[in-house]
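Notes follow once the structure below has been shown.
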Amino acid sequence: MKTRRSLAAALSVGVLSVLAAGCAGDDLAEDDNGPSADQGSGAGTSVVIGSQSFDEAALVTAMYEQLLEEEGYDVETRLVDTRPVYLNEMPDAVQIAPEYVAGVVDQLHTDANGPDAEPISTSDVQETVDAGAELLEEKGITLLEPSAAYSANGYFVSQEYADAEGVTALSDLEGEPVTLAAAPDCKGRADCEQGLREVYGIDVTLEPLGYASTETFQAVLDGEAQLGQTSTLDVTLEDQGLLMVEDDRGIQPAQNLVPAVSTEFLEEHPDVEEPLNQLMGALDNETLGELLVRVSVDREPVEDVARSFLQEQGLV
């Protein structure tokens, strides 16, 4: 069997890093100098992009930054550890954020209704956008077009097990006793152990070997676990003799990439919409997963990976 470096395994052992250049301090301020008459709406206008600091978010943020610079904007980026830090600054001091549909909608719901509020997201993108429409409007944020690329929990089996048992989707495991190698916090979660039990009717025994860890992959390959947990962006499974199974009953929320933009800023600068929507249309999980291997495993600078992709797509 051909062995390939695993993006997900690399992430699990701590290669995540803050990769964005030009990060600001804790206090953000908008500095809108306004466009000059002969240079288009981007020229001379400052814009702040807020995002998270893990490799995937940093890469997409670099793409946003380069696209907006191409439009003539003076771009400042800030990567932080958690969503609420920059979301609390929107839509005034931060104007744009690379987001995830379910993530931003559920965060606004929690902010409005308390930490114990049940998520309003579903596995359906449009349903989730619709569920958060009022919250987004109240916050002054507009979501542009969601991407086909999404980042959520994925579950895999060995190709040998799939062939022998006819397993291609989680529902194929209904009623079966299954050992799941996953992160310790999988227990009791609707998108993990609880959902596998209650939605799929799988008799789950959890082995807390880690999220996309070397131990998790090996346990499934050795047959010590039938099911393992990784990211939906993991493009290394096939080369390891593993197969991602379909979440055909939808326990994963719709974590599709989506640009979140200050509604007021968008009204004043509508030219940001087209390039960001084009970027979303150019990304899917396979493409983004391959780009992330270059960043997290090959250690290529995030700005270089972003630039080469945008150039290949004709976006810059």
Side-chain angles (χ1 to χ4, degrees), residues 18-20 23 28 30 47-68 75-112 119-153 191 231-233 252-266 269 272-285 288 291-292 302 306:
V18 179
L19 297 170
C23 293
L28 298 173
E30 180 181 8
V47 59
V48 177
I49 302 175
S51 187
Q52 297 180 71
S53 59
F54 58 93
D55 286 355
E56 178 189 321
L59 174 61
V60 178
T61 299
M63 294 179 185
Y64 278 39
E65 179 179 14
Q66 292 175 21
L67 281 176
L68 294 176
V75 183
E76 176 184 342
T77 64
R78 181 188 177 201
L79 303 191
V80 296
D81 289 339
T82 61
R83 172 179 287 111
V85 175
Y86 64 80
L87 193 58
N88 287 340
E89 299 286 348
M90 292 187 76
D92 300 320
V94 173
Q95 294 80 47
I96 297 177
E99 264 297 350
Y100 301 85
V101 173
V104 67
V105 166
D106 284 336
Q107 183 65 58
L108 290 175
H109 178 57
T110 297
D111 291 345
I120 59 174
S121 62
T122 71
S123 61
D124 184 270
V125 176
Q126 192 57 53
E127 282 182 3
T128 302
V129 171
D130 291 344
E134 185 175 343
L135 292 165
L136 289 160
E137 183 178 1
E138 290 174 355
K139 181 66 174 175
I141 292 176
T142 296
L143 298 185
L144 302 185
E145 289 297 320
S147 175
Y150 65 98
S151 181
N153 289 332
D191 61 352
S231 166
T232 51
L233 292 172
Q252 299 303 315
Q255 296 287 22
N256 298 66
L257 277 64
V258 67
V261 184
S262 158
T263 301
E264 182 178 359
F265 184 85
L266 184 61
H269 305 284
V272 303
E273 182 170 2
E274 183 177 358
L276 292 176
N277 281 344
Q278 289 177 336
L279 172 61
M280 293 298 98
L283 289 172
D284 56 30
N285 274 23
L288 186 54
L291 295 173
L292 282 168
V302 67

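We count residues from 1, following the sequence as given.
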Please give me the minimum heavy-atom distance between [X] and [Y], naming the atom from each residue.
X    : Y    : answer
P253 : A102 : CB-CB, 3.6 Å
V60  : P98  : CG1-CB, 4.0 Å
P259 : L276 : CG-CB, 4.0 Å
N285 : Y150 : OD1-N, 2.7 Å

Using modelled atom types and a 3.5 Å cut-off, is there a donor and acceptor pairing between side-chain atoms of [X] and backbone atoms of [Y]?
X    : Y    : result
Q95  : V48  : yes
D106 : P119 : no
T128 : V101 : no
Q252 : D191 : yes

Practice task
Could you tell me whether the side chain of L68 reaches within less than 4.5 Å of the side chain of V272, counting heavy atoms only?
Solution key: yes

Exercise for the section: Please identify each residue that fulfils side chain to side chain donor-acceptor pair (under 3.5 Å) with Q66, with sequence neighbours left out. Expected result: R307

Handout entry: side chain to side chain donor-acceptor pair (under 3.5 Å) involving E264 - partner list, sequence neighbours excluded
Key = none

Practice task
State whether a side-chain donor-acceptor pair under 3.5 Å links Y100 with Q107.
Solution key: no

Practice task
State, without any angle test, whether S53 and D81 hold a side-chain donor-acceptor pair at a distance under 3.5 Å.
Solution key: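 Their side chains do contain a donor-acceptor pair, which is all the 3.5 Å distance test asks for.
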
Spacing of [atom1] belonging to [X] relative to [atom2] belonging to [Y], to within rounding of 0.5 Å:
X    : Y    : atom1 : atom2 : answer
L283 : N256 : CG    : CG    : 11.5 Å
M63  : L291 : CE    : CG    : 5.0 Å
R78  : I49  : CZ    : CD1   : 14.0 Å
I120 : H109 : CD1   : NE2   : 5.5 Å
R83  : S51  : CZ    : OG    : 9.0 Å
Y64  : L279 : OH    : CG    : 6.5 Å

Can I get a per-line list of side-chain donor-acceptor pairs under 3.5 Å for residues 130-144, giving both atom names and the distance, sequence neighbours left out?
residue, atom, partner, partner atom, Å
D130, OD1, Q126, NE2, 2.8
K139, NZ, L87, O, 3.1
K139, NZ, M90, O, 3.0
T142, OG1, T263, OG1, 2.8

Handout entry: Sole candidate of L79, I96, V75, V302 that passes side chain to side chain contact (heavy atoms under 4.5 Å, CB included) when paired with T61
Key =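 The side chain to side chain contact (heavy atoms under 4.5 Å, CB included) with T61 is passed solely by L79 among L79, I96, V75, V302.
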
Practice task
Go through V258 and V125 one step at a time and tell me if the side chain to side chain contact (heavy atoms under 4.5 Å, CB included) criterion holds.
Solution key: CA-CA 10 Å; V258 67; V125 176; over 6 Å; no

